[in-house]
Amino acid sequence: MRLNKKDLNKILSILAEGRELFVPGQVRGIKQFKLWEGEAPELDGENTILPPKDILFPKTEKMYTYKTGTEAEIAEIVDMPERIIFGLRACDMRSIECMDSVFIREGFEDSFYARRRAKSLIVAIACSGAGVNCFCESMGLDPNAAPSADIFLSDGGDCYGVEANTERGAAELKKWAEYLTEGDVPKSETHCSLAPAMSRELSKKLTGIFDDDELWQEVTGPCIQCGTCSFVCPTCYCFDINQADAGGEGVAFRCWDSCMFSDYNQNAGGHNTRPTKKQRLRNRYLHKLAYFNERHGMELCVGCGRCISKCPAHLDIAEFIDKTAEVCHD
Amino acid sequence: MIEVNHDCTCQGNPLVPQVCRITDIRNETGDVKTFRVQSLDGKRPFLPMPGQLGMWSMLGVGEAMFSITAFGEDWIESSIKAVGELTEAMHELSVGDFVGLRGPYGNGFPVDALKGRDILFIGGGIGAAPVRSLIRWCAVHREQYGRFDIVCGARTIDDVPFREDFFENWPKMDNTGVHITVDRKTDNWNGSVAFIPDYVETLGLTPENRKVVMCGPSIMIRLTTERLAKLGFARGDIITSMETRMKCGIGKCGRCNIGSKYVCLDGPVFTLTELDELPAE
Amino acid sequence: MSRTGVFVCHCGSNIAGALDVERVAAAAGKLPGVRYAASYKYMCSEQGQQLVKDAIAEHELDRIVIASCSPRMHENTFRKLLKDTPVNPYMLEIANIREQCAWVHADREQATEKAVDLVRMAVAKVAKNKPLHSSFIPVHKKALVIGAGIAGIQAALDIADAGYEVTLLEKESSIGGHMVMLDKTFPTLDCSACISTPKMSEVAAHPNITLMTGSTVESVGGYVGNFDVAIRQKARYVNHDICTGCGLCETKCPAKVTSEFNQALCTRTAVFRPFPQAVPAKPVIDPESCRKLIGKAKCGVCQAVCPLGAIDFEDKDKLITDTYGAIVVATGYELVDWAPLYPEYGGGKYSDVITGLQYERLVNASGPTEGKILRPSDKSVPKDVVIVKCVGSRDKKKGRAYCSRACCMYSAKHAHQILEKIPGARVTVFYMDVRTPGKNYEEFYDRAREDGARYVRGRVAKIFRENGKLICRGEDTLLGRGVEVPADMVILETAMTPAQDIRELCAKLTISTDEYGWVQEAHPKLRPVETQTAGVYLAGACQGPKDIPDTVAQAGAAAAKVCILFSKNEIEGSPMISAVDENKCCGCSACVRVCPYRAVMLEEIDSRELSGAVKRQVARVNAGLCQGCGACAASCRTGAIDLLGFTNAQILKEVDALCL
Amino acid sequence: MSDIQSALRERARELLEDGKVEYVIGWESARGEDKTRPAFIRKAEDAGRLVWNRFCVNSTAKYLLHDRWPKGKIAVCARGCDTRAINRMLSDGQIKRENVYILGIPCEGVENKICQRCAHRNPLVYDELLGESVEEKTDFDRFANVREMQEMTLEQRRKMWEDEFTKCIRCYACRNVCPACSCRECYADQYRTGWQGKQFNSVENRVYGLTRAYHVGDRCIECGECERVCPMDLPIMLQTGKMLMQCNELFGDYECGLSADEIPALGTYNLNDADSFG
Amino acid sequence: MPVNKKWMPKILAFCCNWCTYTGADLAGLNRMKYPADVRVLRVPCSSRVNPQFVLRAFQKGCDGVMVCGCHPGDCHYTSGNYYTRRRFMVLKEMLEFNGIEPERFQTRWISGSEAAKFRDTVAEVSELVTKLGPNTVFNERRAENV
């Protein structure tokens, strides 16, 4: 189907009825997914700096309230509003697939995430401008398609090609009926600017170089062990559980955590299983490019390049891939 | 894949614990206490397999994973050593107080693989707790297993936990040898004074048809494995339970990974061969 | 959860009258961790304390909160109570709901609400308390007294009589200080030598006192009970073990140099005893004036003459170190150098314008003039004498605003002595005020005036020589006109100042001085003989100008303090001191800088780090010195050093509890 | 620029060859020539990787804290701000001067907005100076941004900081890059003691922001690294700048990192300090 | 908070044990009256107060914070209040710079004998903070944060 770009605002107001609509926009100079307040979303240009991860897997999520003392009781916090993520690109869509695989499909089902995911409608859009650090193609993605999104908009100059991939997407499209016209739009042809030599065999071989200390020392040298890469990465899903106590009662919450922090693996009694930054960054890279693959069949890196642009020490996962590819194949 | 039963949670959400009441607290040693709990409606919170863990939550302080060392008709028990702020806070609890509990987690000991075998149980200090859960299970199904040799090591005799099991119940089991050793001699003990690795060597056990179940500090495991290897034990026959930091307990938070394996989901029980495949972290 | 007991006190009607104590107890009962809450009429009474003991036993409580009067009143009472219960005395917090709540808020409802808040804060804090145990510091029962004037002598004697060993240091070659220079002492006019020389000989003979003259303190380390002191004894060049004090060498010594003891009124030889009754009664050689030691001439007469060969020119300074439990500072005073300050009084060029001490030497029987008052210029008997008071004292322009306290009395004494010893003498005293604060002081002053001393109220503006007389031009403020008094001799009663090297000594002892250099006492009214460094006491004029009666009283008080310290084998240090968590400390020495008592030092420890075993610096608290102020805990960014009893966790919980 | 670079490579090769230093910390070009990355050259033949150009923005000094007890000496390519960072760590007792071999580089300013406000382009302490010292820049007001901020009304400032701290994602990059942040265990990681909650909300962020400003305020060497690395572009230097301005006004002119034995302003006192207490 | 009652500010006062706390006790002994919205937190010396405690008080919902100590020169620990003076002269400016009304953070030297000064200070601060209204800038009480 086709949608005239002029009618985009009307579509957005349809989407925003009684639901929280998140669109890419500027918040004090930082492009991120923000609540839509009627302005035109920034769909083109580079991808958002902060991923949409915060919507499905919030920075701080209250899990349950508790009371101690004689009548101790625990009450789960359940209310979840309906949400819509509009203007998602292929790489962020893949990150949601990864998180679905972790939180829903494997082992226990994480009820918090599952509930949020069930109440979220995702409207993806074809990638209109690859950033200088993008390499999603070499991670096996097609920037111009998002098969697992509910609705996908492809860019046709003055109009969007609209197609629904899921029944929920189709149901939603019915509401757009009056603005849709027949006809489809050719697939756009944006390509990534980077192409690191990532491949399925490299993913297998990576665990082989686990003990190559000299390589790891050189790769992890400049790292300053901050959490920037974890918190701007769309697929990092590690979290910490904590309790905010207010004198005998309070809230238990989970919040983002980063494997790069020094107290991440701090056991009671002082022993730390990964005390040095070499071990921690090695674990991060291997988890993204190898370990996750063994369990879920896809890499945990979607090639969005956010960690490359934001790393204070200018570390670069794409360069890492090229270097290890070179080391692994000989 | 991993079969999952989590019937002790609040309306099925694996991350939200259920309130349970402490019905009994026993002082095992100076710094180890065993807490027995029951859910509010007086029933057993969940039916754990031997070696499985429960996530104990002291409301307002924090959560930690402890192996379920024993269970009965309407209770389960865990032994907790006071090492950090949370465990010290729990040691201040008294009977009738409430804790949060969710579980069971972990894959538990491979009871089927052990069927028909002689078993050497080794428990180092608080490591005796997970081993005890397996011994109690094997005691119930005694006929399915061969000879038992139970070894317990501790700093001094006063640090040996579960005294009535080690000294009364288990020696009475047929075809069972109970061997206690301590690091440091005290006047109320005249038995063996030796580190576990050396002591195990003196027991003269043969590797044929025998599996070893060993839990305790990692140095003890490493040294004892070397001695067992000298005695001819294959690494595949040695089973241990990993003691790492676990946060969520359901394989999501990423904290307890060794390579691609999650200790709380794929473990904590591994054979040494499985551990060798993982990257040496 | 912790098992806390809360006890709310009615304090008769003091608290119960102003707020609803039952509601406070009920609210406390619901707080987390509180297992027992009750209220009682008088918690500090015998029954009240028994109530606490019973509750502890019955409910197995492990920490207690008392909501009552100020902790400054009964914190110790309740700590002693807990000593004979299984609960550690420091698992206790007090909520002040009397002085800071019941008594100061009229509105009963608001007062009750505030009391509930205060109890909640105390319960939240006590939950984080840890059992604390006092640390014990050994005490070396040996005292060091610095300065052997009457203050040092009296203190040393008292301590020694109490049975403890004392080392008495004196910078000069003989003990006695300034008092032994005086002739008579007011107000009883008994002879100074008669009351001080017996004490001096008692000191020399006392088995417990080790006397070290010509000695100063080189360095002081350690802390109360364990001061490691290095003492430098100047070379005497006379072996006092062999020397019998016959004095033959003194008669033969060719060198002549001004005698400091006699205030430069006469000279002394290089090998000398400052005054006949000196203790130790054996001479020493002054290296600056002995011709052989200066290397000017071969001399060595005294060595040749000495029958026992006691002279030894190769003698060297000796450095002796010892450990002392307490130190008494008794370094006394000096007279201000008035000459540069008062050019208008001749600036020292008139030899007949003398200071009070110079007069004392003139009138003293063992002085240069054997007691006859002869004016230094022509040794004639002065008929007209003018005494000028407050020279250098009470005068901001000359740099000292304080009053030197004793000069009013000894100027009256001088007037009385002159009138008595020189028949027909005329004495004029220029005064600002006359202060006679002691027993029989006023009567003594009256007698001086009855003897004929003429008191003129006004300050002397100028002293100049005119046809053989010293004209003292001043002003008589009572008559409102200028006045000029011709005089044969003028006595200036100059201001007292601290000894010159007092500031370095105080720096070594880590005690402070005020802007003039007088040693700073711990508290002017409540702790006058203590300093803010534990174990260092002070006596006499080093703390401020004073006369002999006050000096001796202070010396006795300082000795008593030392004896209190020595009465126990070890001092129980308060356990509420700082403690360092070594694996958090990065050795940045922020705490070392802020500690007022230098109780925190960096120390090297062996530490297992990622890169193997290394040596690194961490802070270490000296339990003896730490007074528990907590400045270090607030300066430590990572919370490695914390003040037990007021830890960061406790205060944070207290702040949180307030806002629930 | 390029003769310094060749001198740098030359000296690095010599130092590594005769084993005087264990490794050299400098910069090497990253992907694309407009980006460099800190480099740790251990072998003499790798010395060629060292570069010096206007894209060398990362501070090299803080990496000394990643190896506090080195076996041998560590060579550091240090610009003016890096040498101030080294002085900072020396004053805090975190590194030993004998462990560091400083290759001083006079710097005309790199691609970093802080360089317009840099008063110490020449290295303050060095073992070798690679190139003649450049003329210092003095035509700027060190606290221009702070003064401009103070013109705003209280309400405006409140709103501005409210938004800024809502953006913060607590990645702690500003802490991990700051030479004044040298604690073994940061207060923010000790949530057992309860200083700082783990929640990500604007209040906890504000507490973190203000606490860190207070911890490093009187020792901040104004190297601008915290603002450079902040992924959310928070104006962190405003906070420490305000602290320094206060120290300047209250305790006499105050600049940090100028010598190796400085005492921070809040760690000492002066009897006649300004006193507006009631 | 029952709606009919006039809103009462919550003010926390860090008082040094040797001077201000004694002064407060003295005010009690003399039965002086002052508003009931100040809660005193006893510390051994004003130099024990870590600026982070003040931030914590504001974060947890206090409407006003006071730090009181001995007059410079009278400190029982000789130099404690000199550090207090520097720390909180700077913190006062930082709070204002961050948009918190400066009147909410008061610092006073009150000696053991100045009971009247303690009463007047409490009255003055209580009135000032009541005029300013509840502290919403920093306060964790707001819905989205708890």
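Each chain gets a letter, A, B and so on, in the order its sequence line appears, and its residues count up from 1.
Both the backbone and the side chain of E:L91 come within contact range of chain D, judged by heavy atoms closer than 4.5 Å. Residue D:L250 touches chain E through its side chain alone, counting heavy-atom pairs closer than 4.5 Å. Interface remark: D:T153 contributes no atoms to any contact with chain E (heavy atom separation under 4.5 Å). With a threshold of 4.5 angstrom between heavy atoms, D:D218 does not approach chain E through any atom at all. With a 4.5 Å cut-off on non-hydrogen atoms, E:E96 touches chain D through its backbone and its side chain both. Contacts of E:N50 with chain D are made by side-chain atoms alone, with heavy-atom separations under 4.5 Å and no backbone atom involved.
Heavy-atom minimum distance, E:M94 versus D:A213: CE-CB, 4.1 Å. Scanning all heavy atoms of the two residues, the minimum distance from E:V49 to E:V43 falls at CG2-CG2, 4.0 Å. Across E:C45 and E:G80, no two heavy atoms sit closer than the pair SG-CA, 3.8 Å.
Counting heavy-atom pairs closer than 4.5 Å to chain E, the top-ranked of the candidates D:K159, D:M160, D:M152, D:Q239 is D:Q239. With chain E as the partner, the residue from D:E164, D:M245, D:H215, D:Q196 showing the most heavy-atom pairs under 4.5 Å is D:H215. For the set D:C247, D:G267, D:G197, the entry with the most heavy-atom pairs within less than 4.5 Å of chain E is D:G267.
In summary, the aromatic rings of E:F88 and E:F105 are positioned with their centroids under 6.0 Å apart. Between D:F165 and D:Y208, a ring centre-to-centre spacing not shorter than 6.0 Å is recorded. Ring to ring, E:Y34 and E:F118 are close: their centroids are under 6.0 angstrom apart.
In summary, of the residues considered (E:E114, E:H71, E:E124), a side chain to side chain donor-acceptor pair (under 3.5 Å) with E:R108 occurs for E:E124 alone.
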